[in-house]
Amino acid sequence: MSTATSADAGTAGPAAATQATDPAQVPETAQTNQHYDLDPRIFGLFLDPMRKYSAGYYREPDLTLAEAQVAKLRFVADRLGLSKGDRLLDVGCGWGALILFMAQEYAARVVGISPAGNQHSYIAQRAGELGVAGRVTTVQGHFEHAALPAGRFDAVTMLGSIVHMPDLVHVMRRARSLLRRGGRYYVSETCFRNAAARDEFDRRTGTEFVRQSIFGWGDMRPLSDLVRAAEDAGFSVVSVEDLTEDYRRTIDDWLVNVDASAEAIERIRPGMAPTLRRYLEVANAGWGYTTKHYALVCQRSR
């Protein structure tokens with residue numbers, strides 16, 4: 001998740017912002033994105049039942065968090081043009097919400113990749129419980145250099161994960177190389193409104209709190225950087241959609257859950273409930289002023 005505000009920068013909320021472009025410049029401890037290796041029970045206490053750690057899709061009145069997250073997954077499938085039996089790669093698969101949903105609802109053959117070890121055992125258990133273990137594979141590692149199952153994919157998704165990857169063009173070129181001709185690439189990410197906002201807010205107190213206390217390393221960019229990298233990687237841009245208000249409402253619902261579950265969260269990890277609350281408040285403070293959240297859809301057209 002990733003989100004940001006005037007004070008901050010999917011998976012999994014703010015993602016920390018740093019200007020390094022060489023992975024060698026990123027501290028090894030930060031590369032693990034330690035937030036995602038927290039006790040899985042914590043995420044179960046404030047996310048929806050699928051543990052989807054990115055924006056929901058609140059386009060109908062009175063949706064619950066769980067309903068909005070299902071709507072978001074259907075939105076992603078629609079933008080990808082996903083068909084029964086398609087092969088999909090989810091980069092930064094989190095707790096498996098997207099890959100498990102697509103395997104169950106679309107009979108997709110899915111591969112998820114994440115560096116966080118806790119997530120893989122959880123996904124394997126859930127895949128077995130849902131009866132889709134034969135269609136679900138996960139890889140532990142970083143997308144930039146991890147070995148992946150052979151063969152082309154019909155779709156590649158990155159929901160709130162590209163913020164943790166230093167070299168945009170390299171990442172997008174690899175994504176394109178893994179797609180069949182006509183295959184689609186979906187990226188949803190929180191972005192600074194423009195380069196001036198990035199220059200002004202990248203080193204504010206809240207940004208540093210998220211960088212140092214939550215995620216480790218991340219680099220939130222303006223949307224124009226993502227579009228330019230996609231074009232330079234050889235993609236055709238299909239659409240850009242503004243999901244800012246959807247993410248604001250998602251975080252509002254997460255805050256309600258954090259408050260309702262604060263005692264249980266504190267029993268698992270003392271001090272975590274107020275840390276989560278501050279993180280989510282920072283995430284919601286700058287929507288529309290310094291930050292936006294977009295869904296970018298691209299296609300390998302040639």
Find out whether [X] and [Y] are in side-chain contact, i.e. whether some heavy atom of one side chain is under 4.5 Å from a heavy atom of the other.
X	Y	answer
F46	S261	no
V297	R184	yes
I268	L45	yes
L100	M50	no
V111	I99	no
P149	V139	yes
L296	C298	yes
V227	D225	no

Is [Y] reachable from [X] through a run of hydrophobic residues whose side-chain heavy atoms are each under 4.5 Å from the next?
X	Y	answer
V237	L179	yes
V240	L168	yes
V169	I162	no

Distance-only, no hydrogens or angles: does the [X] side chain make a donor-acceptor pair with backbone N or O of [Y] under 3.5 Å?
X	Y	value
T138	I113	no
H120	S114	yes
D90	G112	no
E60	A71	no
D253	N257	no
R249	L65	no
T64	E67	yes
Q119	G96	no
E231	R228	no

Step by step, would you call H142 with H164 a side-chain contact (heavy atoms from CB on, under 4.5 Å)? CA-CA 10 Å; H142 294 271; H164 299 302; over 6 Å; no
Give me the atom names and distance for the closest heavy-atom approach of [X] to [Y].
X	Y	answer
W95	N118	CZ3-O, 3.8 Å
S301	R181	O-NE, 3.4 Å
D86	G81	OD2-O, 4.1 Å
T157	L88	OG1-CD2, 4.1 Å
K84	A107	CG-CB, 3.8 Å
I265	I42	CG2-CG2, 4.5 Å

Should we count CZ of R152 as having more than 12 external heavy atoms under 6.0 Å? yes
Looking at Y294, W287, Y57, which one forms a ring-ring contact (aromatic ring centres under 6.0 Å, His included) with Y247? W287
As an exercise, state the distance from CZ of R269 to OG1 of T275, rounded to the nearest 0.5 Å. 8.5 Å
Can [X] and [Y] be counted as an ion pair, charged N to O under 4.0 angstrom?
X	Y	answer
D252	R248	yes
K292	D242	yes
R277	D259	yes

Atom pairs and distances, side-chain donor-acceptor, residues 123-137, under 3.5 Å, sequence neighbours left out:
residue, atom, partner, partner atom, Å
Q125, NE2, E129, OE2, 3.0
R126, NH1, E129, OE1, 2.5
R135, NE, A103, O, 3.2
R135, NH2, A103, O, 2.9

Taking the six-membered ring for Trp and the single ring otherwise, decide whether the centroids of W254 and Y53 are under 6.0 Å apart. yes
Donor on one side chain, acceptor on other, H293 and T190, under 3.5 Å: yes
Could you please spell out the steps behind the side-chain contact (heavy atoms from CB on, under 4.5 Å) verdict for L255 and I251? CA-CA 6 Å; L255 281 165; I251 293 175; 4.3 Å; yes
Checking side-chain contact (heavy atoms from CB on, under 4.5 Å) for the pair R193/T291: CA distance, chi angles, key distance, verdict? CA-CA 5 Å; R193 288 195 63 175; T291 55; 5.7 Å; no
Looking at Y186, I'd like to know if the NZ or CZ of R79 sits under 6.0 Å from its six-membered ring centre while staying within 45 degrees of the ring's axis. no
Would you tabulate the side-chain donor-acceptor contacts of residues 170-178 under 3.5 Å, counting partners in other chains and residues two or more places apart, or write 'none'?
residue, atom, partner, partner atom, Å
H170, NE2, E144, O, 3.3
R174, NH1, F143, O, 2.4
R174, NH1, A146, O, 3.0
R174, NH2, A146, O, 2.9
R176, NE, G234, O, 3.2
R176, NH2, R302, O, 2.9
S177, OG, R174, O, 2.7

Can you classify the ring geometry of F235 versus Y185 as parallel (below 30°), tilted (30 to 60°) or perpendicular (above 60°)? parallel
